[in-house]
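The structure under discussion appears below in the form of structure tokens.
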Amino acid sequence: MNLHQLRIFCAIAQSKTLTQAAKQIGLTQPTLSQQLSSLEEKVGTKLFERTLNQMELTVAGEFLLRRALHILSEVEGAEEQLREFASGKRGVIRLAGINSIVRAVAPSAILRLRESLPEVEFDIHELAPTEVLDLLYARQINIGLVAVGSLPKSNVSFKEVPVITDPYVLVTPAGLGLSELADLADLAPDKRELLKSCINFAFASQWSRRLENWRHQMLPGHRQVAQCRSYDVALSFVRAGLGVCVAPALAVHEDGRSLEGVDLYATNLPARQTVALVPAQSLRIDPYKTFLDALREAGAATPLPHILPMPRFMTRAAELAELG
């Protein structure tokens, strides 16, 4: 076996299909198939059970995956340390994460890092949490920024470093004037209809259920007018006056100010906690160690946009839910 084959094997094992693995590792699917067949021939046993749409690890494959991940982690650690000697702490930090956190926290963290390691370069990707995890397993990024709970816990074998916490807010078109509203019936019919028009973000299923229950409590009779895959798109719909959405405060962040054309209202939803996922060795090796410190400092110093108090009708609904 060689390291190239082990990397290909791990990419296939984490991706489950040859098509995804080929895209992830930058090789053609026939090349991947050839390398996998060669590896199975060398070890003398099947590593995957192949079906029409999926590839499942055999018992031997599961054994090799555990060993291969450990081997590749050790090799990567050795390579990184050797690069430290060779380049005098020059290097590239490959970072991927959710858009709102990358945009709000990364610039300040990079500025802090430059004070001690000015020669470090960055390769930054804005991706969904599952894509971030895929790149971490493929060793194509060093650090991933994701929200706690956005990935199944059983799928994550990386260290979690807390970065920032921001609250979920109700985002509405500007000027609805909800803060003192005690009853939805007191709102003008056109504004009430707008408030009940929900623009949903495609969350993880567990959070989607929780958010739907929250809407039933706070906005009875609501309806979904659109579902989006990014906060940016959802917020553009709100700004256009198509409805309202729930989003983390930093998704509505523009240098510490909320976007023009929207109002943010506090909610009683649990805040979003964002962590940096990193291989264990990155906690000890520069420039990653110093950059993780910079991320924590930048997170603590990041201002939140202006958030209006929780509307009275929502406070009453929350109290009734607790009693009931």
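Owing to the predicted nature of the structure, the values given are computational and were not obtained by experimental measurement. Excluded from the calculations below are hydrogen atoms, water molecules and symmetry mates; all remaining heavy atoms, backbone and side chain alike, are included.
- Contact annotation: the side chain of Ile164 approaches that of Leu250 to within less than 4.5 Å [non-hydrogen atoms, C-beta and beyond].
- Looking only at distances, a side-chain donor or acceptor of Tyr265 sits under 3.5 Å from a matching main-chain atom of Leu178.
- Take Arg192 and apply the salt bridge (Lys or Arg N to Asp or Glu O under 4.0 Å) test, not counting sequence neighbours, and it matches no residue.
- Listed for the Gln273 side chain is no donor-acceptor partner under 3.5 Å among the backbone atoms of Thr165.
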In a table with atom names and distances, give each donor-acceptor pair under 3.5 Å that connects a side chain of residues 307-318 to protein atoms at least two apart or in another chain.
residue : atom : partner : partner atom : Å
Arg312  : NH1  : Glu180  : O            : 3.4
Thr315  : OG1  : Pro311  : O            : 3.2
Arg316  : NH1  : Ala182  : O            : 3.0

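- Atom CD of Glu76 is separated from atom CD of Gln281 by 5.0 Å, given to the nearest 0.5 angstrom.
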Only pairs under 3.5 Å count here: list side-chain donor-acceptor contacts from residues 220-228, not counting sequence neighbours, and write none if there are none.
residue : atom : partner : partner atom : Å
His222  : ND1  : Leu219  : O            : 3.2
His222  : NE2  : Glu212  : OE2          : 3.0
Arg223  : NE   : Glu193  : OE2          : 3.3
Gln224  : OE1  : Asn200  : ND2          : 2.4

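- Placement of Leu113 and Leu111 in two distinct hydrophobic clusters is found when ILVMFWY residues are connected by side-chain heavy-atom separations under 4.5 Å, directly or transitively.
- Surrounding CZ of Arg50 are more than 12 heavy atoms belonging to other residues, nucleotides or ligands, all under 6.0 Å away.
- Exactly one of Phe48, Tyr137, Phe63 qualifies for a ring-ring contact (aromatic ring centres under 6.0 Å, His included) with Phe9. That residue is Phe48.
- Residues satisfying the side-chain contact (heavy atoms from CB on, under 4.5 Å) criterion with Leu32, sequence neighbours excluded, are Ile8, Ile12, Leu18, Ala21, Ala22, Ile25, Leu27.
- Looking at Ser150, its side chain never comes within 3.5 Å of a backbone N or O of Val146 through a donor-acceptor pair.
- Under the side-chain contact (heavy atoms from CB on, under 4.5 Å) test applied with Leu264, the options Leu304, Val252, Thr172 reduce to a single match, Val252.
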Could you walk me through whether Arg112 and Glu115 pass the salt bridge (charged side-chain N to carboxylate O under 4.0 Å, His left out) check? CA-CA 6 Å; Arg112 293 168 188 269; Glu115 294 176 5; over 6 Å; no

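- Thr19 pairs by the side-chain contact (heavy atoms from CB on, under 4.5 Å) definition with Thr17, Gln29, not counting sequence neighbours.
- In this structure, Ser282 contributes its side chain and Val278 its backbone to no donor-acceptor pair below 3.5 Å.
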Side chains of residues 126-133: which donor-acceptor partners sit under 3.5 Å, not counting sequence neighbours?
residue : atom : partner : partner atom : Å
Glu126  : OE1  : Asn99   : ND2          : 2.5
Glu131  : OE1  : Ala128  : N            : 3.0

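- There is a side-chain donor-acceptor pair under 3.5 Å between Arg272 and Ser100.
- More than 12 heavy atoms of other shown residues, nucleotides or ligands fall within 6.0 angstrom of atom NZ in Lys42.
- Between Ile101 atom CD1 and Thr302 atom OG1 the span is 8.0 Å, to the nearest 0.5 Å.
- In terms of modelled atom types and a separation under 3.5 Å, the side chain of Thr274 and the main chain of Ala147 share no donor-acceptor contact.
- Phe291 and Phe122 have their aromatic ring centers within a separation under 6.0 angstrom.
- Under a 3.5 Å cut-off, the side chain of Ser38 and the backbone N or O of Gln35 do not form any donor-acceptor pair.
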